[in-house]
Peer 1: 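Before we start, here is the structure in question, set down as structure tokens.
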Amino acid sequence: GVAYEPIPVDTRAGDQHKPDFVAINPNGKVPVIVDGDVTVFDSNAILLHLGETTGKFMPADSAKNRGELLSWMMFVGTGVGPYSGQAVHFQHMAPEDIPYAKKRYIFEAKRHFDILNDHLADRTYMVGDTYTIADMNVWGWARMLPFVLGADALPSLPNLKRLVDEIEARPAAQKALAIKDGFEWKAEMDDEARKNMFRHLQA
């Protein structure tokens with residue numbers, strides 16, 4: 001319900017490395033938001049900022065819930081995201097086959113998703129009794145499980161699948177997924193795109 005203007009950043013075309021973008025995120029990554037005088041980058045930070053400034057999608061105010069919220073937000077930001085990203089890279093993007101790297105990152109990604117699935121075994125949502133930014137954070141990666149760990153991965157995690165299915169049925173989630181369709185993107189994953197997305201190839 002908060003007004004916003006989406007601004008496309010075509011990572012295959014290298015938009016994330018342009019000076020005007022690096023000025024708002026020195027790390028050259030998406031997403032970033034500019035909210036008045038406040039600039040926030042990194043998905044976790046953005047969710048926390050929006051949750052705290054709007055008061056929406058936050059768990060009931062208690063020390064217990066606050067501790068759980070921060071813990072699960074960081075679990076996704078420091079574990080689920082990095083291991084899933086590296087699992088994807090070494091399976092689908094790396095220019096050479098490195099079995100050790102694939103085994104390591106696939107194992108760790110699966111281990112982290114198993115923890116989420118186990119946590120959801122006796123509760124509907126990640127923190128407290130309501131849908132919060134922690135669930136949004138989990139959904140961002142869990143919805144990509146077929147690409148991260150294969151087509152059978154999400155069905156093998158029924159508690160996590162239940163949460164993903166519930167979130168994807170929400171009109172706001174469907175609207176979020178459709179934002180990209182309003183813009184044109186570089187479609188080819190060619191040498192230029194690889195160098196823009198994986199800058200170590202330029203070294």
Side-chain angles (χ1 to χ4, degrees), residues 1-4 6 25 27 29-36 38-88 105-149 152-180:
V2 177
Y4 65 93
N25 184 357
N27 195 31
K29 302 279 185 181
V30 293
V32 181
I33 65 168
V34 177
D35 183 13
V38 179
T39 299
V40 187
F41 59 85
D42 188 88
S43 299
N44 273 17
I46 291 169
L47 285 169
L48 283 166
H49 170 77
L50 292 174
E52 290 176 347
T53 56
T54 66
K56 296 182 178 182
F57 302 112
M58 298 294 281
D61 187 15
S62 72
K64 180 180 184 296
N65 282 343
R66 178 68 174 173
E68 287 191 13
L69 178 71
L70 292 175
S71 296
W72 288 115
M73 293 294 286
M74 298 310 126
F75 179 82
V76 173
T78 65
V80 175
Y83 285 119
S84 296
Q86 293 301 324
V88 166
Y105 289 114
I106 289 170
F107 176 87
E108 284 296 331
K110 177 67 164 61
R111 185 177 74 82
H112 280 71
F113 283 114
D114 283 341
I115 291 170
L116 293 174
N117 187 68
D118 291 346
H119 179 69
L120 290 165
D122 60 355
R123 67 193 70 217
T124 303
Y125 299 109
M126 289 299 300
V127 179
D129 299 323
T130 60
Y131 176 65
T132 70
I133 61 171
D135 303 297
M136 297 176 193
N137 203 18
V138 167
W139 172 69
W141 283 103
R143 71 183 186 85
M144 300 299 295
L145 261 167
F147 195 49
V148 177
L149 294 176
D152 297 333
L154 190 55
S156 74
L157 301 167
N159 306 315
L160 188 57
K161 183 178 186 302
R162 170 185 51 76
L163 181 66
V164 169
D165 289 346
E166 178 182 330
I167 295 173
E168 291 195 346
R170 297 176 70 93
Q174 295 173 21
K175 183 177 179 181
L177 291 174
I179 290 173
K180 66 183 183 305

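Treat the numbers as computed from the prediction; the structure is a model and nothing was measured.
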Peer 1: If a pair satisfies salt bridge (charged side-chain N to carboxylate O under 4.0 Å, His left out) and one of its residues is in residues 156-166, list it, with sequence neighbours excluded.
Peer 2: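 Output for this query lists Lys161-Asp165.
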
Peer 1: Taking the cut-offs as 6.0 angstrom to the six-membered ring centre and 45 degrees off its axis, would you call Arg170 and Tyr131 a cation-pi pair?
Peer 2: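 Verdict for Tyr131: a cation-pi partner in Arg170.
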
Peer 1: Looking at Asn65 and Ala60, what are the two nearest heavy atoms and their distance?
Peer 2: ND2-O, 2.9 Å

Peer 1: For the residue pair Arg123 and Met126, what are the closest heavy atoms and their distance?
Peer 2: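 Smallest heavy-atom distance, with atoms named: CD-O, 4.2 Å.
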
Peer 1: Is there a donor-acceptor pair closer than 3.5 Å between any side-chain N or O of Asn44 and the backbone N or O of Met73?
Peer 2: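 Present.
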
Peer 1: Provide the closest heavy-atom pair for Phe113 versus Ser84 in the form atom of the first, atom of the second, distance.
Peer 2: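 Heavy atoms only, the tightest pair is CE1-OG, 3.3 Å.
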
Peer 1: At their closest point, which heavy atom of Gly77 faces which heavy atom of Pro82, and how far apart are they?
Peer 2: O-CD, 3.3 Å

Peer 1: State, yes or no, whether a side-chain contact exists between Ile106 and Leu149 at a heavy-atom distance under 4.5 Å.
Peer 2: yes

Peer 1: Could you tell me which non-hydrogen atom of Leu47 sits nearest to which non-hydrogen atom of Met136, and how far apart they are?
Peer 2: CD2-SD, 4.0 Å

Peer 1: With Lys56, which residues qualify under side chain to side chain donor-acceptor pair (under 3.5 Å), at least two apart?
Peer 2: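 If we apply the side chain to side chain donor-acceptor pair (under 3.5 Å) test to Lys56, skipping adjacent residues, there are no hits.
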
Peer 1: Got a sec, which residues hit side chain to side chain contact (heavy atoms under 4.5 Å, CB included) with Asp152, two or more places apart in sequence or on another chain?
Peer 2: none

Peer 1: Side chains of Met144 and Val88: does their closest heavy-atom pair fall under 4.5 Å?
Peer 2: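 Not in contact.
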
Peer 1: Looking at every non-hydrogen atom in both residues, tell me the closest pair between Leu163 and Leu120 and how far apart they are.
Peer 2: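 Taking every non-hydrogen atom into account, CD2-CD1, 3.9 Å.
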
Peer 1: Quick one: are Ile115 and Trp72 in side-chain contact, heavy atoms under 4.5 Å?
Peer 2: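 When only atoms from C-beta onward are counted, Trp72 and Ile115 do touch, with a gap below 4.5 Å.
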
Peer 1: Can you confirm whether or not the ring centre of His112 sits under 6.0 Å from the ring centre of Trp141?
Peer 2: no

Peer 1: Tell me whether Glu168 contacts the main-chain N or O of Gln174 through its side chain, where contact means a donor paired with an acceptor under 3.5 Å.
Peer 2: no

